[in-house]
Amino acid sequence: MTDSTAQVSKSRDLDKLLLRPGHLVGPTFDPGTELRDDIQEYVKILVVGAGGLGCELLKDLALSGFKNLEVIDMDRIEVSNLNRQFLFRLQDVGKPKAEVAAMRVMERVAGVNIVPHFCRIEDKELDFYNDFNIIVLGLDSIEARSYINAVACGFLEYDSDDNPREETVKPMVDGGTEGFKGHARVIVPGRTPCFECTIWLFPPQVKFPLCTLAETPRTAAHCIEYAHLIKWDEVHSGKTFDPDEPEHMHWVYSEAVKRAELFGIPGVTYSLTQGVVKNIIPAIASTNAIISAACALETLKIVSGCSKTLSNYLTYNGVEGLHTKVTEFVKDNDCLICGPGVLIELETSVTLRKFIGLLEEHPKLLLSRASITHRGKNLYMQAPPVLEEMTRSNLDLPLFELMDKIPKDIVHVTGTTSKSDKKTSSLMKLRVIFKGVDGVADMDTAGGS
Amino acid sequence: MIRLFKVKEKQRELAENTNGKSSFTKQSAGEIRLHKDMRELNLPKSCSISFPNGKDDLMNFQVTIRPDEGYYRGGLFRFSFKVSPIYPHEAPKVKCNSKVYHPNIDLEGNVCLNILREDWKPVLNINTIVYGLYHLFTEPNHEDPLNSEAAAVLRDNPRMFELNVKKAMAGGHVGDNYYSRCM
């Protein structure tokens, strides 16, 4: 009796979303207690990052009724995290973020299970990522987002009509904050633009001309970048600068101060040094909370269908007053990461040379003088001559062998296309399928590849 | 998508996927785009490229420039390129591996070329950078100095600058600095 009342009150707000029908719901929404229970039992979510956003995300997702969470982060807790990464305490400094964050949320939210992974995202096998229904990102770098995006889009398969196969779609919810600004977006590979479709959204980093740093510094940031980019190498020959090494940072700071004194420039502080070198903009706890809430809600919407999902990019700006806007970006159908690519069926005996010839005749491609890459291996490069020479011996080998006997896979090709007499160089994605190769019969080689 | 997730969970219990190997193998979008740059590479005769890590690592390569005109004619200068996984969002990192007496290249090999830093745009490519580097040797520029001594000599006494360049390239001291032969 007491148990059941506790249960009801605990998910009271969630029940309003999951147990009642509505007008703005998704097409497959099926309200009821079964939905609520299924979400707890079947849905497995990965949170990437256990920093400012990650702490909020874990808390929000746990309180939204998700029971199976995992979190991955390679960092350890620093004193400067404590003002906003609220799952961490002073005595946690130096411990892995993922482990402490998982433990703290489990202590506070009954019934939730969070598995921490203290490692780099690149260290995990692809199968690790494939195990989750949704991947939620609380990251601070373009590189890491680009990596996870490529992994998630790599699971995507298209049918023969170039429609995404639903069971291979791995949705992502991406949050990002910078000071008072933030974004939340929903990426459903094959349906909404992926991270690479819209990479142009990210403004280029501000970089100062080296000669300005060396000769005519005018600002505190110039002095810091001088110490970081020029002076460091001059003094520490061969040793790479590590921004996470406090000793290195202090060295850069003291050199920057000397330089600033020399040129009469005010304003070099240790925190500015960190900011300039690591490209940090002071983090604001409330921005993280708002963006995380949006991400957690989108996750719940994707899973349950209790409302239509965000389409597909929300920006938040709290610098002056408050401004939010949702923009529907469009997918790049030719995207090399999430697009279907052109389907090509081949006999296993086709040599690389013949394959390159086929691309020239293929009505959808008309690609001449193609260079071919498969899984990061350059099978043939037309240019520069030094690479052509290194790859020439592959030309008379069967493509099937060169592709490690994988029955179907993606290859990337670069070549020249001519449309109405205009020659352009283009880069394309192909889905190569070998005829008459049974995936199961080929277990031996597929397993080893 | 809950229904789908449930179905998938049951499928997983029945059989571990047999043929569902993902096509992603740590090949970044930057690497794929670089592939296109390489195929389009159209270097001047005086420049050549090499791949010290073999044919499958295009992200780290070297460019050798042998200027055929100007102060640096006959010299041989090596640059190392390091391309990031988010190329072309970010410019490649380029360093000069040969110690050179040059107003726009310092003794650590840092290069002051606008398109490598403040003026980089994703529409630019490896070819543009190599031409930019080549241009530094045919038209050294005293207005954007990284080696201010060399810049001052070039500005005030071009004849002396020419002699200094020759001296450095032949292997010898200019001022306090020793330059190894690079001809």
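In what follows, chains are A, B, ... by sequence order, proteins preceding strands, each numbered from 1. The basis for the numbers below is simple: all heavy atoms, side chains too, and nothing from hydrogens, waters or symmetry mates.
For a residue to count as touching a neighbouring chain, one of its non-hydrogen atoms must lie under 4.5 Å from one of that chain's; by this rule A:E34 touches chain B with the side chain only. For B:I32, the parts lying near chain A are the backbone and the side chain together; criterion is any non-hydrogen pair under 4.5 Å. In this structure, the portion of B:H89 lying under 4.5 Å from any heavy atom of chain A is its side chain and not its backbone. The contact between A:I230 and chain B is made by backbone and side chain atoms together, counting heavy-atom distances below 4.5 Å. Contacts of A:F202 with chain B are made by both backbone and side-chain atoms, with heavy-atom separations under 4.5 Å. At a 4.5 Å heavy-atom cutoff, the contact between A:E143 and chain B is made by backbone and side-chain atoms alike. Of the two parts of A:S426, only the backbone, made up of N, CA, C and O, holds a non-hydrogen atom closer than 4.5 Å to a non-hydrogen atom of chain B. In this structure, the portion of A:D30 lying under 4.5 Å from any heavy atom of chain B is its side chain and not its backbone. Contact annotation for B:D106: only side-chain heavy atoms (C-beta onward) come within less than 4.5 Å of a heavy atom of chain A. Proximity to chain B (any heavy atom under 4.5 Å) is restricted, for A:M381, to the side chain, taken from C-beta onward. Heavy-atom distances place no part of A:P27 under 4.5 Å from chain B, backbone and side chain included.
Listed options A:I337, A:L213, A:T373, A:V169 were ranked by heavy-atom pairs under 4.5 angstrom with chain B; first place goes to A:T373. Between chain B and the residues A:K429, A:E41, A:E166, the largest count of heavy-atom pairs under 4.5 Å involves A:E166. Among B:M38, B:K55, B:K121, the residue with the largest count of heavy-atom pairs under 4.5 Å with chain A is B:K55. If you tally non-hydrogen atom pairs under 4.5 Å between each of A:P384, A:A214, A:P385 and chain B, the highest count goes to A:P384. For the set B:V111, B:L41, B:L4, the entry with the most heavy-atom pairs within less than 4.5 Å of chain A is B:L4. Listed options A:L229, A:V43, A:V206, A:L336 were ranked by heavy-atom pairs under 4.5 angstrom with chain B; first place goes to A:L229. The greatest number of non-hydrogen atom pairs below 4.5 Å with chain A, out of B:G109, B:P145, B:A29, is found for B:P145.
Here the straight-line distance linking atom CD of A:Q382 with atom CZ of B:R39 works out to 5.5 Å at 0.5 Å rounding. A:C211 SG to B:N110 CG: the interatomic distance, rounded to the nearest 0.5 Å, is 11.5 Å. To the nearest 0.5 angstrom, B:D57 atom CG is 14.5 Å from A:K377 atom NZ. With rounding to the nearest 0.5 angstrom, the CZ atom of B:R33 is 11.5 Å from the CD1 atom of A:I199. Atoms CZ and CD1, from A:R145 and B:I86 in turn, are 11.0 Å apart once rounded to the nearest 0.5 Å. The NE2 atom of A:H374 sits 11.5 Å away from the CG atom of B:D56 when rounded to the nearest 0.5 Å.
Between A:D38 and B:F5, every side-chain heavy-atom pair lies at or beyond the 4.5 Å cut-off. Counting only heavy atoms from C-beta outward, the side chains of A:H412 and B:K36 never approach each other to under 4.5 Å. Within the 4.5 Å cutoff, the side chain of A:N378 has heavy atoms near those of the B:H35 side chain. You'll find the side chain of A:L210 stays beyond 4.5 Å of the side chain of B:L116, heavy atoms only. Between A:P209 and B:R117 there is no side-chain heavy-atom pair separated by less than 4.5 Å.
Here B:K95 pairs with A:D233 in a salt bridge; the nearest charged N to carboxylate O distance falls below 4.0 Å.
In plain terms, the two heavy atoms of B:L58 and A:L387 that are nearest each other are CD2-CD1, 3.6 Å. Of all non-hydrogen atoms in A:S425 and B:E40, the two that sit nearest each other are OG-OE2, 2.5 Å.
The environment of CE in B:M183 is crowded: more than 12 heavy-atom neighbours from other residues, nucleotides or ligands sit within 6.0 Å. Annotation for B:E149: atom CD does not count as buried by contact number, only 12 or fewer foreign heavy atoms lying within 6.0 Å. Within a 6.0 Å sphere centred on CZ of A:R165, heavy atoms belonging to other residues, nucleotides or ligands number more than 12.
Among residue pairs with one or both ends in residues 133-144 of chain B, those qualifying as side chain to side chain donor-acceptor pair (under 3.5 Å) are B:D68-B:Y134, B:N141-B:D144; sequence neighbours excluded.
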